[in-house]
Protein chains: 2
Amino acid sequence: MKSIETTFEKELKDEIALLPIVELKANSVVLMENSYVKEIPILLEGIIKVRKTDESGKEIILYQIYPGESCILSITACLNDKQCNAEAYVEKTSKLVMIPANKVKLWMEKYSSWKQYVYNHYYERFDELLGLIDAIAFKHVDLRLLNKLKEHQLKQGNEIEITHQILAKEIGTAREVISRLLKQLEKENFIILERGIIKIIRTL
Amino acid sequence: MKSIETTFEKELKDEIALLPIVELKANSVVLMENSYVKEIPILLEGIIKVRKTDESGKEIILYQIYPGESCILSITACLNDKQCNAEAYVEKTSKLVMIPANKVKLWMEKYSSWKQYVYNHYYERFDELLGLIDAIAFKHVDLRLLNKLKEHQLKQGNEIEITHQILAKEIGTAREVISRLLKQLEKENFIILERGIIKIIRTL
DNA sequence: TTGACATGGTGACGTACGTCACGATCATTA
DNA sequence: TAATGATCGTGACGTACGTCACCATGTCAA
């Protein structure tokens, strides 16, 4: 998706410029499950992850929000005056603009660029969720790990900074499983493992 | 969700009344994966299922569309001029109104009841998809089968007309697995199995 | 320096469930 | 009436992967 600068028309950017910028520390919860939504975040810096947690504490990452993007689940809850059905938290310290819920509705009428922004989010997130369903329904964990590694490679390059634990949660499995599979990939000379770092040395 | 009668304002109902009604036979594909969307269906009678199919032919039902409802994936594709990323087909012979894609966009501005209808679909379908992810990520097949049976019970009563094969596809597993689990439930006196029918005789 | 955590490596074990391979019935059509 | 296809039952088998139980490091704060 595009940056706020190029996406929105001038008057909308002016309105947004008037809104407060919030800085959140790592692991802060942006949006709680089953709560009503009063503000919609647009992410300026950092990463937000949206997760679903099981009663037993197992969790899976539904999708990630990058700078310039917003949280479609919040927007949906807001447009319908309903609760939200997943949890969003910031992975690294992040900066966000918080938009009051009532503006979100207003802007849908007032600014066609906002409307298009929301429509686009619906498309992209649906696509991601369908991809996730496809993955967990049909793909084995080893393949999903490979895809996840490639995904991180696209964003971080060949030296990926991540722990096995976080990878496991992104994929929705146990840490030991990931550790074992990664070790396997290391033996096959695809990657080199270091504490908190995965170096990719051959095309996955 | 509600019926078209009560949901829409008069002028919109009048517009819809002018559109052709199509009757589709069982297993017709309403909407193909990766195709551009020219018409949005509103279902009048019957059932539409939206599915994702694996290369190997395995499939899972994403959600079902009942009378009065529409297909949010079509709408999303349409609002973004993009292809659709799943396949919809009719389960039983069904009647639908087909709305030209350009009207869908127009109506978002013109009729607030239509806008609300679409917003509501987004909320409901997201909720269902998140529920599905939760289920396939965390729940075992036996539990998912129980839930699916309850779901059918709500719609059809205690005598559910369905084959093991279809149940398997709805859940995304193999027929044998479902047959075995159902047999187990029969042994435990929860259900009675007949060809094409599952009778529920005790609270699941 | 010394705990206290966070990270990760690895063996052992159980099991849910996917797959193959049959056969037995029922239903529909030629 | 024979034949063909849909539906269902069931045994056998393999295996991916979740879980438990440790231990070995590295890191950071007190």
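Protein chains get the first letters and strands the later ones, always in sequence-line order, with residue 1 at the start of each.
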Worksheet entry | Nearest-angstrom distance from the residue atom CD1 of B/Ile192 to P of D/dC8 | 15 Å
Worksheet entry | Partners meeting side-chain contact (heavy atoms from CB on, under 4.5 Å) with B/Lys105 (sequence neighbours left out) | B/Leu79, B/Asp81
Fill in: Upstream residue (5' side of DNA chain D) when B/Arg180 and B/Ile162 are each assigned their closest nucleotide
B/Ile162
Response to the item:
Atom CD of B/Gln184 and atom P of C/dA16 are separated, to the nearest Å, by 12 Å
Discussion item. For C/dG9 and A/His164 - does any side-chain N or O of the residue sit under 4.0 Å from the phosphate oxygens OP1/OP2?
Written reply: yes
Are there any protein N/O atoms within less than 3.5 Å of an N/O atom in nucleotides 21-25 of chain D, and if so, which ones and at what distance?
residue: D/dT25; atom: O2; partner: A/Arg195; partner atom: NH2; Å: 3.3

Practice prompt. Mind checking B/Leu182 for me? I need base, sugar-phosphate or nothing, with any heavy atom below 4.0 Å counting as a touch.
Written response: nothing
Worksheet, complete the sentence: Separation of C/dC17 atom P from B/Phe138 atom CZ, nearest Å, is 15 Å
Worksheet item: So what does A/Lys58 touch, heavy atoms closer than 4.0 Å: a base, only the sugar-phosphate, or nothing?
Response: sugar-phosphate
Worksheet item: Just how far is it from atom CD of B/Glu161 to atom CD1 of B/Ile166, taken to the nearest 0.5 Å?
Response: 9.5 Å
Worksheet entry | Spacing between B/Ile178 atom CD1 and D/dT7 atom P, to the nearest angstrom | 15 Å
Worksheet item: Quick one: side-chain contact (heavy atoms from CB on, under 4.5 Å) partners of A/Lys82, sequence neighbours excluded?
Response: A/Asn80, B/Asn120, B/Tyr123, B/Glu124
Which pairs would a plain distance check flag for residues 14-26 of chain B, meaning a side-chain donor or acceptor within less than 3.5 Å of a matching protein atom at least two apart in sequence or in another chain?
residue: B/Asp14; atom: OD2; partner: B/Lys10; partner atom: NZ; Å: 2.8
residue: B/Glu15; atom: OE1; partner: B/Trp107; partner atom: NE1; Å: 3.4
residue: B/Glu15; atom: OE2; partner: B/Lys110; partner atom: NZ; Å: 3.3
residue: B/Glu15; atom: OE2; partner: B/Tyr111; partner atom: OH; Å: 2.6

Item to complete: Report the distance from atom OH of A/Tyr117 to atom CG of A/Leu12, rounding to the nearest 0.5 Å.
Response: 10.0 Å
Worksheet entry | Atom-to-atom span, NZ of A/Lys139 to C1' of D/dA16 - whole angstrom | 16 Å
Item to complete: Quickly work out the A/Glu186 CD to C/dG8 P distance and round it to whole Å.
Response: 12 Å
Distance-only donor-acceptor pairs under 3.5 Å for side chains of residues 196-204 of chain A, two or more places apart:
residue: A/Lys199; atom: NZ; partner: A/Glu194; partner atom: OE2; Å: 2.9
residue: A/Arg202; atom: NH1; partner: A/Glu188; partner atom: O; Å: 3.1

Worksheet, complete the sentence: Against the side chain of B/Lys183, the closest entry in D/dT10, C/dA12, C/dG8 is D/dT10
Worksheet entry | Partners meeting salt bridge (charged side-chain N to carboxylate O under 4.0 Å, His left out) with B/Glu186 (sequence neighbours left out) | B/Lys183
Practice prompt. Using whole Å, report how far CZ of A/Arg144 lies from P of D/dA16.
Written response: 16 Å
Worksheet entry | Integer-rounded Å distance: D/dT27 P and A/Glu194 CD | 11 Å
Worksheet item: Which of the following nucleotides, D/dC8, C/dG8, C/dA16, is nearest to the side chain of B/Thr163?
Response: D/dC8
